[in-house]
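In what follows, a structure is listed as structure tokens, so that the remarks can point back to it.
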Amino acid sequence: AQSVTQLGSHVSVSEGALVLLRCNYSSSVPPYLFWYVQYPNQGLQLLLKYTTGATLVKGINGFEAEFKKSETSFHLTKPSAHMSDAAEYFCAVSEETSYDKVIFGPGTSLSVIP
Amino acid sequence: ETGVTQSPTHLIKTRGQQVTLRCSSQSGHNTVSWYQQALGQGPQFIFQYYREEENGRGNFPPRFSGLQFPNYSSELNVNALELDDSALYLCASRPRITGELFFGEGSRLTVL
């Protein structure tokens, strides 16, 4: 069965500092991996995804993530945090079939300190 | 703008009542999923529909049911509402090839 863990329910960084949000997954087959962002009172927006190919994935708003199969990880990073990055971030996994369900982690709330 | 719209945006019900939430998926997306997001938690998978048939279900009781229609719209029905059903209900459509979900803004249900 698929599952996702996100280390740290809340992360605070200073404006301009590195953002690192951790995600580990379990999957019995090669996974599709996603990061979504949710701003208050809104739905979820896709930041980036990994399906196949290059393991370093670049997304919107300067975020990127690296798929490491040996570590079953898909950590999200951004070199320099902006105030507008403050939001809830969710890592998600689905298995390599088009119709399988997508399972979400519990989320990490990112605060950016001016 | 994802093209996925949900209604109503907010609603209040009392325990034991029934509720229907509606979703209009993005054109061309033949898979629709529903998620429940309780306050402070990640979205929990309720079920998924493909070509108008349920083809996956999470750990939710049968009083949660759904429908998908040929025009890409869908419904989530919840019977015998309980206080714990209070949550944000998210609809997401999914293109066949790429796999990512496109979410609506959600329907926030409060059960009193």
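Proteins come first, then strands; the chains are lettered A, B, ... in the order of their sequence lines, and each starts at number 1. Here the structure is a predicted model, which means the values were calculated and not measured.
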Derivation of the side chain to side chain contact (heavy atoms under 4.5 Å, CB included) call for A:Lys101 and B:Asn55: CA-CA 9 Å; A:Lys101 58 189 177 184; B:Asn55 79 331; over 6 Å; no
Are [Y] and [X] linked, directly or through intermediate hydrophobic residues, by side-chain heavy-atom contacts shorter than 4.5 Å (ILVMFWY only)?
X: B:Leu112; Y: B:Val19; result: no
X: A:Val4; Y: A:Leu21; result: yes
X: B:Ile46; Y: A:Val102; result: no
X: A:Val11; Y: A:Leu48; result: yes

Under 4.5 Å from any heavy atom of chain B - which part of A:Gln45: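 Neither part.
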Taking [atom1] in [X] as the centre, count heavy atoms belonging to other residues, nucleotides or ligands within less than 6.0 Å. Is the count above 12?
X: B:Asn59; atom1: CG; result: no
X: B:Arg57; atom1: CZ; result: yes
X: B:Leu39; atom1: CG; result: no
X: A:Leu7; atom1: CG; result: no

Closest non-hydrogen atom pair, B:Leu88 against A:Gln38: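 Looks like CD2-NE2, 3.9 Å.
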Least distance between heavy atoms, B:Pro43 atom then A:Leu44 atom: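 Heavy atoms only, the tightest pair is CG-CD2, 4.0 Å.
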Check each atom of [X] against the heavy atoms of chain A and say whether the ones under 4.5 Å are side chain, backbone, both or neither.
X: B:Phe47; result: neither
X: B:Gln37; result: side chain
X: B:Gln41; result: backbone

Gap between atom CD of B:Gln48 and atom OG of A:Ser94 - 0.5 Å precision: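 Between atom OG of A:Ser94 and atom CD of B:Gln48 there are 9.0 Å.
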CZ-CG distance between B:Phe102 and A:Leu46, expressed to the nearest 0.5 angstrom: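 Atom-to-atom, B:Phe102:CZ and A:Leu46:CG are 7.0 Å apart.
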Under 3.5 Å: donor-acceptor pair, side chain of B:Tyr35, backbone of A:Phe104: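 Such a contact is absent between B:Tyr35 side chain and A:Phe104 backbone.
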Main-chain N/O of B:Phe103 paired to A:Tyr36 side chain as donor or acceptor, under 3.5 Å: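 Checked: no pair found.
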